[in-house]
Student: 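Handing you a structure now.
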Amino acid sequence: MAEELRIAAGNKAERYATLLPQVASLLEGETDRIAGMANMAAALAQTFGWFWVGFYRVIGDQLVLGPFQGSIACTRIAFGKGVCGTAWKRAETVIVPDVDAFPGHIACNSASRSEIVVPVKEAGKIIAVLDIDSDQLGTFDEMDQHCLEQMVALLTAHKAI
Ligand code: SME
């Protein structure tokens with residue numbers, strides 16, 4: 001494992017291009033989902049400086065707070081509620097350019113202005129969501145969606161034991 005995360009100085013595309021292979025090698029052979037989520041959240045927060053990056057895991061009929069970087073957050077979210085519960089229900093990534101314009105947005109932190117939530121799938125089932133909050137409006141776009149979907153797929157690449 002690399003001792004330090006390398007962070008590209010350039011634009012978002014360059015940062016993702018530098019980050020993806022490092023996360024892949026960091027997670028290589030790791031079968032524990034929580035360990036993978038913890039390092040992925042840290043690597044994303046270090047690279048992009050977003051103020052909240054973390055996972056909610058599907059446990060029963062709720063999302064339960066998992067590994068994250070940032071300030072304290074709500075611990076449980078119901079199916080279909082908030083941006084996280086909506087991404088879980090729709091089984092697809094949800095990009096919210098302005099959280100105030102998203103009906104039912106759950107405000108864990110008043111500094112949040114925009115958000116992206118990416119489902120984590122394993123064997124066709126959603127096992128968690130990756131939630132990222134920015135203090136700027138309109139931070140996330142299709143490039144984030146594409147790169148983050150690729151990244152979370154690394155979490156379940158090795159069969160859990
Ligand atoms: N805003 C999220 C809740 C989680 S926090 O942002 C960490 C939502 O609406 O689901």
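Note that ligands are numbered from 1 as they come in the structure, with each ligand's atoms numbered from 1 the same way. Because only heavy atoms are used, hydrogens play no part in the values below, and waters and symmetry mates are left out as well, while side chains stay in. All of these numbers come straight from a predicted model, not from anything done at the bench. Positions are given from 1 along the sequence.
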Student: Is it the case that atom NZ in K12 sees more than 12 heavy atoms from other parts of the structure closer than 6.0 Å?
Tutor: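 Buried by this count: over 12 neighbours within 6.0 Å.
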Student: Please state which part of F102 comes within less than 4.0 Å of ligand 1, counting heavy atoms only: side chain, backbone, both or neither.
Tutor: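 Looking at F102 and ligand 1, no heavy atom falls under 4.0 Å.
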Student: Testing the basics here: between L65 and A73, what is the closest heavy-atom pair and its distance to 0.1 Å?
Tutor: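 So the two residues come closest at CD2-O, 4.0 Å.
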Student: Please give me the minimum heavy-atom distance between F55 and M40, naming the atom from each residue.
Tutor: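 Scanning both residues completely, I find the closest heavy atoms to be CZ-SD, 4.0 Å.
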Student: Count the heavy atoms belonging to other residues, nucleotides or ligands that lie under 6.0 Å from CZ of R57, then report whether that count exceeds 12.
Tutor: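 It does not: R57 CZ has 12 such atoms or fewer within range.
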Student: Look at the rings of F68 and W52 and say which category their plane angle falls in: under 30° parallel, 30 to 60° tilted, over 60° perpendicular.
Tutor: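 Geometry flag for W52 against F68: parallel rings.
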Student: Just distances here: any N/O of K81 and N/O of ligand 1 closer than 3.5 Å?
Tutor: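 Between K81 and ligand 1 (N or O atoms, distance only) the closest approach is not under 3.5 Å.
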Student: Taking the six-membered ring for Trp, are the ring centroids of F140 and F48 within less than 6.0 Å of each other?
Tutor: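 They do not qualify: ring centres at least 6.0 Å apart.
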Student: Quick one: look up the protein heavy atom nearest atom 2 (C) of ligand 1 and list residue, atom name and how far away it is.
Tutor: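 Looking only at protein heavy atoms, the one closest to atom 2 (C) of ligand 1 is E115 OE2, 3.1 Å.
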Student: Y56 heavy atoms, cut-off 4.0 Å: which ligand 1 atoms fall inside?
Tutor: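 Answer, ordered by atom number: 4 (C), 7 (C).
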Student: Would you mind listing which atoms of ligand 1 come within a distance below 4.0 Å of any non-hydrogen atom of H105?
Tutor: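 In order of numbering, the contacting atoms are 1 (N), 9 (O).
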Student: Once you restrict to heavy atoms under 4.0 Å, what part of V117 touches ligand 1? Side chain, backbone, both or neither.
Tutor: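 None of V117 does.
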Student: May I ask you to check whether I106 has an N/O atom sitting below 3.5 Å from an N/O atom of ligand 1?
Tutor: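 Yes: some nitrogen or oxygen of I106 is under 3.5 Å from one in ligand 1.
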Student: In the protein, what heavy atom is nearest to atom 8 (C) of ligand 1, and what distance, to one decimal place, separates them?
Tutor: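 Answer, as residue, atom name and distance: V83 N, 3.3 Å.
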Student: Would you mind listing which atoms of ligand 1 come within a distance below 4.0 Å of any non-hydrogen atom of C84?
Tutor: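 So the answer, numbered in order with elements, is 8 (C), 10 (O).
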Student: Should R76 and L63 count as side-chain neighbours, where that means a heavy-atom distance under 4.5 Å?
Tutor: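 A side-chain contact is absent here, since even the closest heavy-atom pair is not under 4.5 Å.
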Student: Where's the contact between W52 and ligand 1, heavy-atom distance under 4.0 Å: side chain, backbone, both or neither?
Tutor: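 It is the side chain that touches ligand 1; the backbone stays farther off.
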Student: Considering all heavy atoms of both residues, which atom of I116 and which atom of D144 are nearest to each other, and what is their separation?
Tutor: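 Result for this residue pair: CD1-CB, 4.1 Å.
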Student: Counting only nitrogen or oxygen atoms and a 3.5 angstrom limit, does G85 reach ligand 1?
Tutor: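 Between G85 and ligand 1, no N or O pair is found under 3.5 Å apart.
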Student: Provide the number and element of each atom of ligand 1 under 4.0 Å from a heavy atom of C108.
Tutor: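 Those qualifying, in numeric order: 3 (C), 4 (C), 5 (S), 7 (C).
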Student: Below 3.5 angstrom, do we get any N/O pair linking D133 and ligand 1?
Tutor: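 Yes; the residue has a nitrogen or oxygen that sits under 3.5 Å from a nitrogen or oxygen of the ligand.
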Student: Between C84 and I77, which heavy-atom pair has the shortest distance, and what is it?
Tutor: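 Residues C84 and I77, closest heavy atoms: CB-CD1, 3.9 Å.
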